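Quick notes on the structure that follows.
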Amino acid sequence: MDSENTLVTQAPAAPPVPWGGTPQPTIGLPCGMVLRPWREADAPALVTAYEDPDIRHWNRPEPETRESAAARISRWNRRWEQRAAAVWAVSAEPAAQAVGLIGLADFDPEGASAEFLYWLLPAGRGRGVMPQGVAAVARWGFREAGLHRQRICHSVANPASCAVALKAGFPLEGTMRGALRHADGWHDEHLHARLATDA
């Protein structure tokens, strides 16, 4: 056969598989709290989060009912299986009610990057859980998800989120002007990031 007329085809890309082929892990934190997979029974925590004025202002969550919150949790679990997001509930122990959220979303497979999202209800605050949780998820992202770059973006008017990023080892890279609209208008955003090659 004439090689010049032979078509060369590539095998299709393999379909997405679960992270490492295992269920989403539960991660213990030094403060004694844990990161665990979301459950349908955690739906009230999402409803409460929307009702919290600070969480609603800085994170801009959508209004939630018990039914819509349960559907959102189901989507998070499916996105874990699709390697599209990795979202953990924060709780005092594996069987306890969720009091917060830490996760990675906006995955870019080609660029091997993702962006953090996090919030914490008053019941979980004051224990140092958020910097510890972000650092733990960052380690997971580099080691298990093969990420090269992870970033945190937050309003410059939110110093608490800036402190979380810095304590978790995410240095400030710069300021993005007018990058995100909150209820009170456009906000400049701080950009923090870590690379897999960082110490």
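The structure displayed is predicted, hence computed values, not measured ones.
- Atom CZ of Arg79 sits about 11.0 Å away from atom CZ of Arg72, to the nearest 0.5 Å.
- Under a 3.5 Å cut-off, the side chain of Arg36 and the backbone N or O of Pro94 do form a donor-acceptor pair.
- With hydrophobic clusters built from ILVMFWY side chains whose heavy atoms lie under 4.5 angstrom apart, Leu104 shares a cluster with Val164.
- The environment of CZ in Arg143 is sparse: at most 12 heavy-atom neighbours from other residues, nucleotides or ligands sit within 6.0 Å.
- Linking Ile, Leu, Val, Met, Phe, Trp and Tyr residues whenever their side-chain heavy atoms come within less than 4.5 Å leaves Val137 and Val87 in two separate clusters.
- Taking CH2 from Trp58 and CG from Leu180, the interatomic distance works out to 10.5 Å, rounded to the nearest 0.5 Å.
- Going from atom CG of Asp108 over to atom NE2 of His148 covers 11.5 Å, rounded to the nearest 0.5 Å.
- Considering every non-hydrogen atom in both Leu172 and Leu166, the closest pair reads N-CD2, 4.1 Å.
- Contact detail for Gly133 and Leu35: the closest heavy-atom pair is O-CD1, 3.9 Å.
- In terms of hydrophobic clustering, with Ile, Leu, Val, Met, Phe, Trp and Tyr side chains grouped at heavy-atom distances under 4.5 Å, Leu117 and Phe107 are assigned to different clusters.
- By the criterion of side-chain heavy atoms lying less than 4.5 angstrom apart, applied directly or through intervening Ile, Leu, Val, Met, Phe, Trp or Tyr residues, Met130 is not grouped with Ile55; the two fall into different hydrophobic clusters.
- Here the closest heavy-atom approach between residue Ala98 and residue Asp42 is recorded as N-OD1, 3.4 Å.
- Salt bridge annotation for Arg151-Glu189: absent, with no cationic side-chain nitrogen under 4.0 angstrom from a carboxylate oxygen.
- Residue Val34 is not grouped with residue Leu29 when hydrophobic side chains (ILVMFWY) are merged at heavy-atom distances under 4.5 angstrom, including chains of intermediate members.
- For the atom pair CD (Glu115) and CZ (Arg149), the distance works out to 10.0 Å, reported to the nearest 0.5 Å.
- Formation of a donor-acceptor pair under 3.5 Å by the Glu64 side chain with backbone atoms of Ala43 is not found in this model.
- Panel note: side chain His192, backbone Phe170; a donor-acceptor pair is recorded below 3.5 Å.
- Counting non-hydrogen atoms of neighbouring residues, nucleotides and ligands closer than 6.0 angstrom, the CD atom of Glu40 reaches no more than 12 such neighbours.
- No donor-acceptor contact under 3.5 angstrom links the side chains of His154 and Ser161, judged on distance only.
- Taking the six-membered ring where tryptophan is involved, the planes of Trp76 and Trp38 are tilted, since the angle between them lies from 30° to 60°.
- A heavy-atom distance below 4.5 Å is not found between the side chains of Trp119 and Asp52.
- Nearest heavy atoms, Pro131 versus Lys167: CB-CB, 3.8 Å.
- No donor-acceptor pair closer than 3.5 Å links the side chain of Asp106 to the backbone N or O of Ala114.
- Side chains of Val156 and His187 form no contact here, defined as non-hydrogen atoms less than 4.5 Å apart.
- Distance check, rounded to the nearest 0.5 Å: CG of Asn59 to CG of Asp54 gives 9.5 Å.
- Counting heavy atoms from C-beta on, the side chains of Val99 and Met33 come closer than 4.5 Å.
- The shortest heavy-atom contact between Ala138 and Gln150 is O-NE2, 2.9 Å.
- The aromatic rings of Trp140 and Trp88 stand perpendicular to each other, their planes meeting at an angle above 60°, with 30° marking the opposite boundary.
- Residues Pro25 and Pro37 come closest through the heavy atom pair O-CD, 4.1 Å.
- Side-chain contact annotation: Ser74 with Arg78, donor-acceptor N/O pair under 3.5 Å present.
- The distance from atom NE2 of His190 to atom CD1 of Ile152, rounded to the nearest 0.5 Å, is 13.0 Å.
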